[in-house]
Amino acid sequence: MSFLCHLECALCGEQYDPDQLWNLCPQCARPLLARYDLQAARQRLNRSSIAESDSTLWRYSPLLPIRDPRHVMTLGEGWTPLIHASRLGATLGFDNLFVKDEGLNPTGSFKARGLSVAVSRAHELGVHTVSIPSAGNAAGAMSAYAAQAGMEAHVYMPRDVPSAFLAECRAMGAAVTLVDGVITDCGRLASEHVREFGWFDMSTLKEPYRLEGKKTMGYELAEQMDWSLPDVILYPTGGGTGLIGMWKAFAEMEALGWIGSQRPRMVTVQAEGCAPMVRAFHAGKPFAEPWENPSTIADGLRVPAAVGDFLILRTLYESGGTALSVPDDTLRQAAEQLGAAEGIFACPEGAATLTAFQQLHRQGWIRPDETVVLFITGSGLKYTHLWA
Ligand SMILES: *Cc1c(COP(=O)(O)O)cnc(C)c1O
């Protein structure tokens, strides 16, 4: 079922046995990446066989890490619509504007992709109790898949997390701990408890498989665009797993012979009140400094430090992309623009990509004949407090 062959450290290159449980690289404490035997996969898979598979991200299961399908935990995640936003595009003088609507995933965000795959793989490797620090959406997604797997779930969220996220986790039976501070503070307490109680740590990029779930956004985009890719992708970046995952998917698909060497310019969008990647990108740095006093209404972007910072920055540099931050007071209006023109109710993180698009279009960085995809990473339904 899976062509998984080893794990490889993204920084030092050390290889590890993929059929054991790992978190960060034991040598250098950086993320481990799943590697597949793509030569063998190229012989045995083709694009048209994928088209006959499930309408979920599990259509790509040979390129996912689960060996035995009995361990797959699924609620119908992935295969979300790619919508041609022609009315919105017309108001902006732009023909080829597309929206990938991740709000249709189980639990209302693309976090379902990563946690469906990571919880499934943890189940396969014998894990009983999982733990996660989260700004909200990842906690809800992990709670859902842990419930389906019959695992015990512990989630750590900021004390000021919007109530919808809290309600969701509680309704799915997770043990919720509220922490004074932001996601990095949640991460500190969660990792203390992981060490003390022997639970498995599901922090993003601190285990290898959430990335594998999120990379399926890249596979889907290519398949939905008839095995081509857009010129530009705008992605609201917190920990960066979605951006890094798509970039990994493009490389895998080229090795499989499914796409050519053309790549989109990847754009990181952050909030002005928390923009560590934007600052590091414009300084030409390989790693990012933590952001002081992070603040934004886009909860998923309130990430002052990311363990995969160097992978985000590497992707932006290699793709010829860019990074920009947008003010919070534009997000509600951007969500209303998307809603009124296209009928899509976007989370503020997703809405930020529309503000960023308008800025880049105005500056001429995006040209009128290009094809652009905005990632609406989640639904607005957990953020109705912004309209209260
Ligand atoms: C987590 C989250 C993000 C940031 O995603 P990363 O892949 O961690 O950068 C963006 N939008 C929403 C809605 C999120 O929940």
Side-chain angles (χ1 to χ4, degrees), residues 31 77 80 99-115 117-118 132-142 144 155 157-158 161-162 164-165 168-169 182-184 186-187 202-206 210-218 233-249 266-271 274-278 288 294 296-309 311-313 315-316 323 325-326 331 334-335 344-354 356 374-383 386:
E77 52 293 324
T80 56
V99 167
K100 182 79 167 147
D101 186 5
E102 290 292 304
L104 274 83
N105 277 298
T107 71
S109 87
F110 82 117
K111 292 293 197 303
R113 294 179 185 266
L115 284 149
V117 171
I132 199 166
S134 166
N137 274 320
M142 192 190 79
V155 308
M157 293 185 285
V161 69
F165 296 102
E168 181 182 38
C169 294
V182 299
I183 187 167
T184 37
C186 297
M202 283 283 188
S203 305
T204 199
L205 288 170
K206 291 190 184 170
R210 284 176 65 183
L211 182 70
E212 294 306 290
K214 289 187 176 183
K215 83 177 179 187
T216 59
M217 292 189 292
I233 290 177
L234 285 91
Y235 186 82
T237 306
T241 322
L243 186 93
I244 298 163
M246 282 193 271
W247 197 243
K248 181 174 189 282
M266 304 295 282
V267 179
T268 271
V269 181
Q270 297 197 301
C274 183
M277 297 305 145
V278 178
T296 168
I297 57 166
D299 300 277
L301 304 186
R302 200 169 54 156
V303 182
V307 62
D309 55 355
L311 295 171
I312 300 171
L313 292 162
T315 302
L316 300 179
S325 58
V326 300
L331 301 183
I344 296 164
F345 187 21
C347 61
E349 295 87 343
T353 64
L354 178 57
L374 309 181
F375 268 83
I376 304 304
T377 40
S379 159
L381 287 172
K382 288 190 230 176
Y383 303 78
L386 299 180

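As the structure lists them, so they are numbered: ligands from 1, and atoms in each ligand from 1. The structure presented is a predicted model; accordingly, all values stated were derived computationally and were not measured.
- Listed by number with element, the atoms of ligand 1 under 4.0 angstrom from any heavy atom of K214 are 7 (O), 8 (O).
- Using a non-hydrogen distance threshold of 4.0 Å, E102 does not register as a contact of ligand 1.
- Under the 4.0 angstrom criterion for non-hydrogen atoms, T204 is not in contact with ligand 1.
- The salt bridge (charged side-chain N to carboxylate O under 4.0 Å, His left out) search around R113 returns E102, E220, not counting sequence neighbours.
- Residues satisfying the side-chain hydrogen bond (donor to acceptor under 3.5 Å, both in side chains) test with T204, not counting sequence neighbours, are T241.
- Atoms of ligand 1 found under 4.0 Å from any heavy atom of Y235, numbered from 1 in the order shown, are 5 (O), 6 (P), 7 (O), 9 (O).
- The atoms of ligand 1 that sit less than 4.0 Å from any heavy atom of G242 are 7 (O).
- At distances below 3.5 Å, not a single donor-acceptor pair connects side-chain atoms of E77 with backbone N or O atoms of A112.
- Side-chain contact between D299 and E349 is present, with heavy atoms from C-beta onward closer than 4.5 Å.
- No donor-acceptor pair under 3.5 Å is formed between the side chain of K214 and the backbone N or O of I244.
- Summarising the geometry of V161 relative to G136, their closest heavy-atom pair is CG2-CA, 4.3 Å, with the distance given to 0.1 Å.
- Looking at heavy atoms from C-beta onward, V267 lies in side-chain contact with L234 at the 4.5 angstrom threshold.
- Where the criterion is an N or O separation shorter than 3.5 Å, residue side chain and backbone included, K111 meets it with respect to ligand 1.
- For a threshold of 3.5 Å applied to N or O pairs, the pair formed by E349 and ligand 1 contains no separation below that value.
- Distances below 4.0 Å separate heavy atoms of T237 from the following atoms of ligand 1: 9 (O).
- Ligand 1 has an N or O atom lying under 3.5 Å from an N or O atom of T241, backbone or side chain.
- Of all atoms in ligand 1, listed by their number and element, those nearer than 4.0 Å to a heavy atom of C347 are 13 (C).
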